[in-house]
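Structure first, then comments.
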Amino acid sequence: MMWDDLMALHNDVMMEDVDRWLEDPAAFSQSPTSTGDSTDVQVLLIEGFLIYNYKPLEKVFDASSRTYIPPDPPGFFDGHVWPMYLKYKKERDDHNIQTIDLDGTRPVEENFERVKTEILDMIKHLKDSQM
C-alpha cells in the first residue's frame with residue numbers, strides 16, 4: 001500500500017488519540033511553561049495533507065523536495081504522490097476547507113515562523129473571545 005493514500009494510514013489510532021486529547025487536552029501537556037490556570041490554551045497540531053480528506057477529523061477542524069530512507073523508487077513522486085496530492089487538494093478545495101499551504105522551497109525557519117505566528121494569532125483570538 002502507498003503511504004500517500006488515506007487507506008495506508010492508521011487513522012483509527014490517530015482518532016483515538018485526537019478524541020482523548022479533545023476530552024482532556026491538559027493531560028497531554030508537556031510544557032514546562034504551563035500555568036495550569038484558565039488562561040492556558042491547549043493546541044493540537046495534526047500534520048499532513050491527507051488529514052483534510054479524512055472525514056472523522058472534520059469535527060476537529062473549523063471547517064518537490066523529499067528525502068526518505070530508503071528512497072522512493074524512480075517516478076514514484078510524479079506517478080503517485082503528486083497525483084494523489086492533487087486529488088485530495090481538489091477535494092479539500094471543493095469542500096471549502098481553509099488551509100494555509102507552506103512553501104517547501106522556503107527555509108524551514110521561515111515556514112516555522114509562519115506556522116508559529118498563525119498559531120499564536122489563533123490562541124490570541126481564542127483568549128479574546130473567552131473574555
Side-chain angles (χ1 to χ4, degrees):
M1 184 145 323
M2 306 295 183
W3 289 108
D4 299 297
D5 189 317
L6 279 171
M7 301 305 293
L9 306 176
H10 296 285
N11 290 320
D12 54 337
V13 175
M14 176 187 61
M15 283 309 301
E16 289 173 10
D17 288 340
V18 168
D19 288 338
R20 284 198 330 269
W21 185 89
L22 289 170
E23 289 174 18
D24 187 8
F28 282 76
S29 178
Q30 307 234 341
S31 171
T33 61
S34 177
T35 63
D37 66 23
S38 62
T39 63
D40 277 352
V41 174
Q42 304 296 323
V43 177
L44 174 65
L45 299 178
I46 303 175
E47 184 272 333
F49 72 88
L50 292 176
I51 61 174
Y52 299 104
N53 301 85
Y54 184 60
K55 300 299 180 205
L57 276 175
E58 288 180 356
K59 70 178 182 183
V60 177
F61 302 130
D62 287 333
S64 40
S65 173
R66 296 169 10 128
T67 303
Y68 290 108
I69 299 175
D72 290 337
F76 181 73
F77 184 84
D78 292 334
H80 179 72
V81 175
W82 188 248
M84 294 302 286
Y85 167 78
L86 292 176
K87 172 187 171 185
Y88 289 119
K89 183 178 185 320
K90 181 181 181 330
E91 186 177 313
R92 187 180 74 198
D93 292 345
D94 289 348
H95 288 93
N96 295 320
I97 298 171
Q98 295 180 355
T99 62
I100 297 171
D101 295 324
L102 299 177
D103 182 348
T105 65
R106 305 297 310 154
V108 171
E109 295 81 8
E110 183 179 314
N111 281 327
F112 173 81
E113 286 300 320
R114 183 166 180 210
V115 170
K116 178 181 156 189
T117 299
E118 291 289 332
I119 291 170
L120 291 175
D121 288 348
M122 183 180 4
I123 290 171
K124 182 181 181 322
H125 176 74
L126 289 170
K127 283 185 173 185
D128 290 347
S129 67
Q130 291 175 356
M131 294 182 169

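Keep in mind that the numbers below use all heavy atoms, side chains included, and drop hydrogens, waters and symmetry copies.
Of the residues listed (Asp94, Leu86, Asp93), the one engaging Lys90 in a side chain to side chain contact (heavy atoms under 4.5 Å, CB included) is Asp94, and it is the only one.
Ionic pairing of Arg20 and Asp24 is not present here: no N-O contact between side-chain nitrogen and carboxylate oxygen is shorter than 4.0 angstrom.
Between Tyr85 atom OH and Arg92 atom CZ the span is 5.5 Å, to the nearest 0.5 Å.
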Review item, side-chain donor-acceptor pairs of residues 112-124, under 3.5 Å, at least two apart:
| unit_1 | atom_1 | unit_2 | atom_2 | d |
| --- | --- | --- | --- | --- |
| Arg114 | NH1 | Asp101 | O | 3.0 |
| Thr117 | OG1 | Glu113 | O | 2.8 |
| Lys124 | NZ | Asp128 | OD2 | 2.8 |

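Taking 4.5 Å as the limit, every side-chain heavy atom of Val13 sits out of range of all side-chain heavy atoms of Met15.
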Next on the checklist: Pair Val108, Asn111 - check side chain to side chain contact (heavy atoms under 4.5 Å, CB included), show working.
Outcome noted: CA-CA 5 Å; Val108 171; Asn111 281 327; 5.9 Å; no
